[in-house]
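Below is one structure, written out as structure tokens; comments come after it.
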Amino acid sequence: MASHIHPSAIIEDGARLGADVRVGPFCHVGADVHLGDGVELKSHVVIGGQTSVGAETVIFPFAVIGEIPQDLKFNGEKTRLEIGARNRIREHVTMNTGTDGGGRVTRVGDDGLFMAGCHVAHDAQLGNRVIIVNNSAIAGHCVIEDDVIVGGLSGVHQFVRIGQGAIIGALSMVANDVIPHGLVQGPRGELDGLNLVGLKRRGVARADITALRAAFQMLAQGEGTFQDRANRLGEETTSDYVRQIVAFVTAGTDRHFLTPR
């Protein structure tokens, strides 16, 4: 099917548009942009840089996607922003391309929801089904794994990793890594439990939830350091979900961990 471009929109020479793309009034699409099949830009959307947007993603008014990083070390090098399929990117969202020092690419997975006013900074790596709530900010070089929810007006510090299925409560500042399926809340975010609601919504078996509860208690109160307790968990557990936490804790990281209080 042919694309539908409003007469007031500017599509620069070189931009590539898939089938059935819809570009609304007063949008600006740069020369190095690729819009996949069925992408819709509502109105007043700016997409620049070397940016690709996956099929059936919808971008709402006044979003600015693919602009240069907010990093004083950036010197005009060619870097990219890759956005997956079926995302919903709401009003005033900003997503930046990568930097030379961070791998040169910012990535956003599939099926995410990016609510009004949120920000995804340079070189961040976001998984699938991520939800970033209104006016929250993901700083540079962060890794946000699948199924993470970041509550409204929260901030995630640069280089932080947030494990799969974790949830960050509103008004939190997250300055250290968050284990998979963790629950973080507070002005300076503390690991306050597990994301039990999210686990149940995804249909995780009761036996796995029980194993995660026991693992959390061991991480909180067992003998030795946090790393020691995680290593012991890996030797004792039969749950893939607990093994996921162990793998996350024992992997390399540039930050400390939020540990159970």
Side-chain angles (χ1 to χ4, degrees), residues 102-103 106-112 120-121 123-132 136 138-151 154-169 172-186 188-205 207-261:
T106 305
R107 289 191 179 92
V108 174
D110 300 334
D111 300 300
V120 177
D123 306 296
Q125 308 292 309
L126 276 62
N128 301 321
R129 300 174 300 280
V130 168
I131 299 175
I132 310 297
S136 292
I138 308 300
H141 312 280
C142 288
V143 176
I144 312 295
E145 295 186 354
D146 295 348
D147 303 302
V148 166
I149 300 174
V150 178
S154 295
V156 180
H157 193 284
Q158 62 183 356
F159 294 103
V160 159
R161 299 180 303 146
I162 300 182
Q164 181 175 355
I167 186 168
I168 311 302
S172 295
M173 176 60 206
V174 183
N176 292 307
D177 289 355
V178 179
I179 61 172
H181 314 293
L183 164 65
V184 171
Q185 55 189 352
R188 276 284 173 179
E190 297 180 336
L191 186 61
D192 201 27
L194 295 168
N195 182 14
L196 296 174
V197 172
L199 291 165
K200 292 172 182 176
R201 283 177 177 169
R202 291 195 297 278
V204 174
D208 282 310
I209 293 177
T210 300
L212 282 166
R213 284 179 181 271
F216 189 87
Q217 287 301 114
M218 183 172 176
L219 286 172
Q221 300 174 355
E223 296 180 358
T225 67
F226 186 67
Q227 293 279 346
D228 291 338
R229 298 194 289 268
N231 285 326
R232 258 198 327 277
L233 271 175
E235 296 169 358
E236 299 173 3
T237 189
T238 60
S239 168
D240 288 340
Y241 287 87
V242 176
R243 289 194 184 108
Q244 185 182 21
I245 292 177
V246 172
F248 186 91
V249 172
T250 56
T253 180
D254 294 308
R255 306 293 299 172
H256 295 294
F257 283 89
L258 289 176
T259 55
R261 60 179 182 176

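For the single chain, residues carry numbers from 1 onward in sequence order.
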How long is the span from the OG1 atom in Thr238 to the CG atom in Asp208, to the nearest 0.5 Å? 8.0 Å
Roughly how far, to the nearest 0.5 Å, is CD1 of Ile245 from CG of Leu233? 8.0 Å
Under 3.5 Å: donor-acceptor pair, side chain of Asp110, backbone of Asn128: no
Look at atom CZ of Arg213 and say whether more than 12 heavy atoms of other residues, nucleotides or ligands are closer to it than 6.0 Å. no
In sequence, state the C-alpha distance, the side-chain angles, and the governing distance for Leu258 and Glu190, and then conclude on side chain to side chain contact (heavy atoms under 4.5 Å, CB included). CA-CA 6 Å; Leu258 289 176; Glu190 297 180 336; 5.8 Å; no
Please check this pair: side chain of Arg188 against backbone of Met173, looking for a donor-acceptor N/O pair closer than 3.5 Å. no
Taking only Lys NZ, Arg NE, NH1 and NH2, and the carboxylate oxygens of Asp or Glu, determine whether Asp111 and Arg129 approach each other closer than 4.0 Å. no
Please report the interatomic distance CG(Leu196) to CZ(Phe216), rounded to the nearest 0.5 Å. 9.5 Å
May I ask you to test the Pro180-Tyr241 pair for a side-chain heavy-atom distance under 4.5 Å? no
Pairwise distance CG(Leu194) to CG(Leu199) - rounded to 0.5 angstrom: 7.0 Å
Val130 and Gly127 have their tightest heavy-atom pair at CG2-O, 3.6 Å
Heavy-atom closest pair, residues Gln158 and Cys142: CA-SG, 4.0 Å
Using only atom types and a distance under 3.5 Å, with no angle test, would you say the side chain of Gln227 pairs donor to acceptor with the backbone of Thr250? no
Taking all non-hydrogen atoms of both residues, which atom of Pro260 and which atom of Ala220 are closest, and how far apart? CB-CB, 3.4 Å
On a heavy-atom basis, which atom in Ala211 and which in Ser239 lie closest, and how many Å separate them? CB-CB, 3.8 Å
CG-CG distance between Leu191 and Leu219, expressed to the nearest 0.5 angstrom: 8.5 Å
Sort out for me which residue in His181, Glu145, Gln244 forms a side chain to side chain donor-acceptor pair (under 3.5 Å) with Gln164. Gln244
Val242 and Leu212: side chain to side chain contact (heavy atoms under 4.5 Å, CB included), yes or no, with the steps? CA-CA 6 Å; Val242 176; Leu212 282 166; 4.1 Å; yes
So which atom in Gly151 and which in Ser136 form the shortest heavy-atom distance, rounded to 0.1 Å? O-OG, 2.5 Å
With side chains defined as the heavy atoms from C-beta onward, is the minimum distance between Glu223 and Asp228 less than 4.5 Å? no
My understanding is that only residues two or more places apart in sequence, or in another chain, count here; which of them pass side-chain contact (heavy atoms from CB on, under 4.5 Å) with Asp123? Thr99, His141
Please give me the minimum heavy-atom distance between Ala175 and Arg255, naming the atom from each residue. O-NH2, 2.7 Å
NZ/NE/NH1/NH2 to OD/OE distance under 4.0 Å, Arg161 and Asp177: yes
Going from NZ on Lys200 to CG on Asn195, what distance comes out if it is rounded to the nearest 0.5 angstrom? 10.5 Å
